[in-house]
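Okay, structure first, notes after.
Here is the naming used below: chain letters follow the sequence lines, and residue numbers restart at 1 for every chain. The analysis underlying the following values was restricted to heavy atoms, covering all of them including side chains, and did not include hydrogens, waters or symmetry mates.
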Amino acid sequence: MTTAIAVSGLVKDFGSRTRALDHLDLRVEAGEVHGFLGPNGAGKTTTIRVLLGMLRADGGHVELLGGDPWRDAVALHRRLAYVPGEVNLWPNLTGGEVIDLLGELRGTLDASRREELVERFQLDPTKKIRAYSKGNRQKVALVAAFSSEVELYLLDEPTSGLDPLMEAVFQDVVQELRADGRSILLSSHILSEVEALCDRVTIIRAGRAAESGTFDDLRHLTRTSVVVDTTRPLEPVTRWPGVHDARVHGGHAEFSVDPGELNRVLGHLVDLEVRSMVTSPPTLEELFLRHYDEDIAGRGAGAVAEVVRAR
Amino acid sequence: MSSPLTGTRHLLRLVLRRDRFRLPLWVVGLGGMITASALAVPPIYDSPEKIAGYASAVGTSPVSYLMSGRQAAIDTIGGIVANEISQVAQLGICLMVMFLVVRHTRAEEESGRAELVRSAVVGRHAATLAGLLYGVGAAVLIGAITTTSMLATGLDGAGSVTYGVGLTLLGLCYVAISLVAAQLSVSARGALGLAGAMIAIGYVVRGVGAMQDSALVWASPFGWAQRMDAFGEEQWWPALLLVTVTAALLALAAWLTVHRDFGGGLLQSRPGQPRASRFLGTPIGLTLRMQRGLLIGWAIGLTALGLLYGAVIPTIPDLVASNPDIARAIGVSADAEQALIDAFLRYIFVFMAVILTAFAVTSVLRLHGEEESGRTEAILATRVTRTSWVRAAVVVTGLGTLLLSLLMGLGLAAGYGLGMGEWDRVAEQVGGQLSYVPGVLVVAALAVAIVGLWPRRSAFAWIAVAFVFFQVMLGETLRLPDLVDGVSPFWHLSEVPVEPLEALPALTELGIVTVLVMLGLWGYRRRDLGRS
């Protein structure tokens with residue numbers, strides 16, 4: 001088996017008017033850490049709930065660890081661990097009890113690993129959940145999931161509320177799991193985390209996969225940013241095909257270029273006598289904003305310009 | 001313009017907006033029950049003979065004292081109406097204000113929403129005051145409906161007003177008690193438990209005081225409201241007692257608000273176990289752990305109730321001896337005495353069973369509460385099946401119901417034994433209480449079916465509890481048609497110990513329980529889970 005998650009054409013409706021997932025495709029290979037990105041309300045959590053067999057798909061094909069998440073829910077749950085996005089735990093149990101409880105229920109608790117993780121995440125297991133801060137509750141959920149030796153980890157925004165130190169511990173643990181050949185679906189808004197951990201990403205928008213691939217794949221599809229100084233005025237730049245978001249100030253300009261037009265734009269620039277030039281591949285953040293902004297752009301193009309100007 | 005009360009108006013608007021269905025449901029439901037009873041009674045007692053008959057039979061029966069206390073002017077139609085509606089009206093108004101007040105005070109604070117609200121321009125006492133105004137408003141509505149429906153049946157004006165005012169003031173007293181409970185406990189459940197216990201104590205103390213005709217009635221707000229003697233002498237000074245105590249409790253609640261941390265209470269949480277027992281890691285273990293507080297609270301309360309009721313049984317013969325009317329009506333003999341005791345027992349059994357339906361439904365609805373809070377997701381993302389998760393809730397509810405029935409029966413037997421010095425009827429008394437368990441289970445199973453099939457309508461299970469309460473308390477008074485009575489599972493069961501136990505109705509109901517549970521399970525297995 002080489003595919004941990006194979007979702008194609010997944011449809012999920014809530015009532016007759018709300019389409020939460022609209023022919024979503026998502027593929028996570030065994031042994032990879034897969035980033036699952038998208039704006040709030042895009043359908044990330046709904047997707048994970050379908051994968052857990054909490055929600056029944058209304059259409060499309062869903063395969064999890066080679067099984068059907070609805071039909072084989074329990075058999076599959078023995079092989080996965082889940083960290084919910086909104087960690088709501090039993091207020092009258094202690095952190096230690098919740099970790100053991102979830103591990104027992106899963107049936108895959110590794111006691112020595114539990115001890116190690118409690119130590120690494122600096123968790124006081126004798127405190128009642130009620131008394132934990134948000135970040136500490138999050139740590140309880142993480143330790144509970146990582147204490148289980150399973151094939152697949154479904155993590156729904158697992159680091160919200162963690163301090164940078166704990167964020168680093170989290171990243172270390174995920175790296176170890178990856179080295180160990182586990183598969184991880186990581187839904188997150190923290191781009192540095194996704195960039196550091198993920199082999200491939202899927203960007204979801206309005207219930208559809210907008211983009212999927214490695215960072216390099218995605219970068220190739222995306223514009224390069226250029227900052228350039230020339231001897232002659234740069235005004236013509238705005239008229240060249242393939243140039244976007246240009247800001248020109250005499251002999252200084254900042255703009256982005258479509259991948260297919262880069263060579264031609266360079267040719268034009270040479271004519272204007274380049275004095276200095278910096279080109280950079282788009283950062284994940286830019287990639288991200290471009291996809292997220294398409295929603296906003298539909299409503300008002302101003303928002304895009306705003307974002308560009310802000311940076 | 002910033003005082004500790006700033007923002008009360010906005011909070012009250014928020015409360016009314018959130019409860020735009022809940023409040024009308026309470027007012028229409030409870031007000032409707034009271035109105036229906038008030039209108040139904042006068043046509044039944046339409047002649048002086050019938051009124052005199054009621055006064056000598058019902059008006060002096062120990063069951064009636066326990067249920068409704070000693071009503072003034074029981075030999076007038078006004079007294080009869082007041083006596084008939086008292087139990088539903090008094091318990092109803094107290095439960096209503098308790099649920100409404102705790103919902104908008106401690107429950108909000110526990111959820112963390114109140115923190116967001118308090119961070120806005122909202123004074124320290126605003127939430128408490130909004131809860132107070134809301135509770136007062138609801139109580140006044142019920143009082144007004146009661147007085148209006150009494151007047152509509154042509155009862156004495158002064159008596160109707162006195163009764164309505166007494167009822168409202170009783171409600172206010174419990175608004176204040178609920179507000180104090182909300183300050184003391186860190187959880188909404190704890191606050192409900194505390195306030196609920198105060199209602200039970202007030203009600204039982206008044207009942208026992210009335211049976212003994214002792215000063216004990218003065219230890220209960222229920223007694224104060226009753227001793228305003230509506231339709232009789234009409235004294236107003238007990239009203240002053242209610243108002244004074246209410247004011248003192250409100251001052252206490254305000255003092256507690258100032259002297260505690262936000263989110264805190266008097267009962268703080270201590271460190272617990274760093275490790276879970278193996279048993280906790282099973283669906284039943286977890287469910288049981290979640291219900292632990294609920295079970296212990298109910299066990300203490302119901303055992304105490306059983307003890308108390310058992311202890312008053314031996315006073316029944318004295319009651320007969322002291323009342324020539326009863327003696328004349330039923331004859332003075334050991335058999336007659338026994339018949340009276342049996343009737344009393346039958347009432348206690350069915351009353352406690354009806355109370356138990358509230359436990360059973362609370363227990364089943366935890367299944368829905370866990371789902372709403374998102375925790376079920378964490379459970380079912382493990383190897384736990386939906387079936388075993390529902391089964392755990394069903395088993396814990398079923399065994400809990402059985403255990404509590406057993407404790408009530410034992411309490412009753414112990415109270416009786418201690419009072420009488422007679423221990424030969426223990427099995428009969430415990431068995432008698434257990435014979436009403438199938439009725440409780442039917443209501444619980446209905447709740448399972450609702451959670452499985454219509455999760456968003458889960459609160460409807462409480463309508464079943466309200467209905468059996470209504471049928472058992474008022475079914476005979478209102479002379480309901482069999483078709484309506486027959487909806488209540490308790491109507492079909494043998495009236496142990498007045499009648500011998502028949503197996504068929506009990507077994508049929510257990511069959512219905514099985515079918516309802518299977519339906520609920522079927523629904524739970526095939527529907528989407530989670531908050532939606």
Side-chain angles (χ1 to χ4, degrees), chain A residues 12 14-15 18 20 45-46 48-56 70 73-109 111 114 118 124-131 141 144-145 148 154, chain B residues 110-112 186-190 263-265 267-287 289-294 366 369-389 392 456 525-532:
Chain A
K12 179 66 195 174
F14 291 120
T18 322
T45 300
T46 303
I48 292 177
R49 287 199 177 138
V50 170
L51 290 174
L52 285 168
M54 302 291 157
L55 304 180
R56 195 200 280 266
W70 180 267
V74 172
L76 294 174
H77 291 170
R78 287 170 197 269
R79 298 160 59 196
L80 64 83
Y82 164 57
V83 174
E86 239 174 278
V87 179
N88 193 338
L89 302 167
W90 300 271
N92 54 342
L93 296 187
T94 64
E97 283 180 310
V98 169
I99 294 168
D100 287 350
L101 159 72
L102 289 172
E104 286 288 333
L105 291 175
R106 229 174 253 132
T108 42
L109 183 74
R114 171 199 188 275
V118 166
D124 174 3
T126 64
K127 274 220 283 199
K128 296 264 168 74
I129 294 293
R130 180 181 287 129
S148 288
L154 298 174
Chain B
E110 190 187 15
S111 74
V186 289
S187 70
R189 273 175 199 169
L267 321 159
Q268 288 297 342
S269 68
R270 292 154 302 162
Q273 299 299 318
R275 304 297 308 242
S277 67
R278 283 196 78 78
F279 181 55
L280 181 59
T282 60
I284 293 211
L286 177 61
T287 307
R289 177 64 183 273
M290 291 305 112
Q291 310 268 37
R292 195 168 65 180
L294 184 78
R366 289 275 170 99
E370 290 287 294
E371 184 179 343
E372 275 298 303
S373 69
R375 293 189 286 256
T376 297
E377 208 167 276
I379 299 291
L380 294 180
T382 67
R383 64 179 165 165
V384 173
T385 60
R386 293 185 183 208
T387 310
S388 60
W389 184 233
R456 284 198 222 176
R525 283 176 51 118
R526 60 186 296 282
R527 70 175 172 82
D528 286 348
L529 286 183
R531 295 156 283 185
S532 58

Answer with side chain, backbone, both or neither: which region of Leu105(A) has an atom nearer than 4.5 Å to a non-hydrogen atom of chain B? both
Contact class of Arg292(B) relative to chain A, heavy atoms under 4.5 angstrom: neither
So for Ser277(B), is it side chain, backbone, both, or neither that comes closer than 4.5 Å to the heavy atoms of chain A? neither
Side chain / backbone / both / neither for Thr282(B) at chain A, heavy atoms under 4.5 Å: backbone
Which atom of Met54(A) lies closest to which atom of Arg386(B), heavy atoms considered: O-NH2, 3.4 Å
Salt-bridged, Asp528(B) to Arg49(A), with N to O below 4.0 Å? no
Value for CG (Leu52(A)) from CG (Leu529(B)), rounded to nearest 0.5 Å, stands at 10.5 Å
Atom pair CD (Glu86(A)) and CD (Glu377(B)), whose distance is rounded to the nearest 0.5 Å: 9.5 Å
Give, as side chain, backbone, both or neither, the part of Arg189(B) having an atom under 4.5 angstrom from any heavy atom of chain A. neither
Is any side-chain N of the basic residue among Asp100(A) and Arg275(B) closer than 4.0 Å to the acidic one's carboxylate O? yes
Evaluate Leu286(B) against Leu101(A) for side chain to side chain contact (heavy atoms under 4.5 Å, CB included), listing each step before the verdict. CA-CA 8 Å; Leu286(B) 177 61; Leu101(A) 159 72; 3.6 Å; yes
Just how far is it from atom CZ of Arg278(B) to atom CD of Glu104(A), taken to the nearest 0.5 Å? 4.5 Å
In Å, rounded to the nearest 0.5 Å, how long is the span from CH2 of Trp90(A) to CD of Glu370(B)? 6.5 Å
Counting heavy-atom pairs under 4.5 angstrom with chain A, the leader among Gly272(B), Gly293(B), Ala378(B) is Gly272(B)
Whether the side chain of Thr126(A) engages the backbone of Pro271(B) through a donor-acceptor N/O pair (distance < 3.5 Å, no angle test) should be reported. no
Heavy-atom closest contact (Ser187(B) atom, Arg130(A) atom, distance): CB-NH2, 4.3 Å
Side-chain (Arg56(A)) to main-chain (Arg526(B)) donor-acceptor, under 3.5 angstrom: yes
Return yes if some donor-acceptor pair links the side-chain N/O of Arg289(B) with the main-chain N/O of Leu93(A) below 3.5 Å, else return no. no
Keeping His77(A) on the side-chain end and Thr382(B) on the backbone end, is there a donor-acceptor pair under 3.5 Å? yes
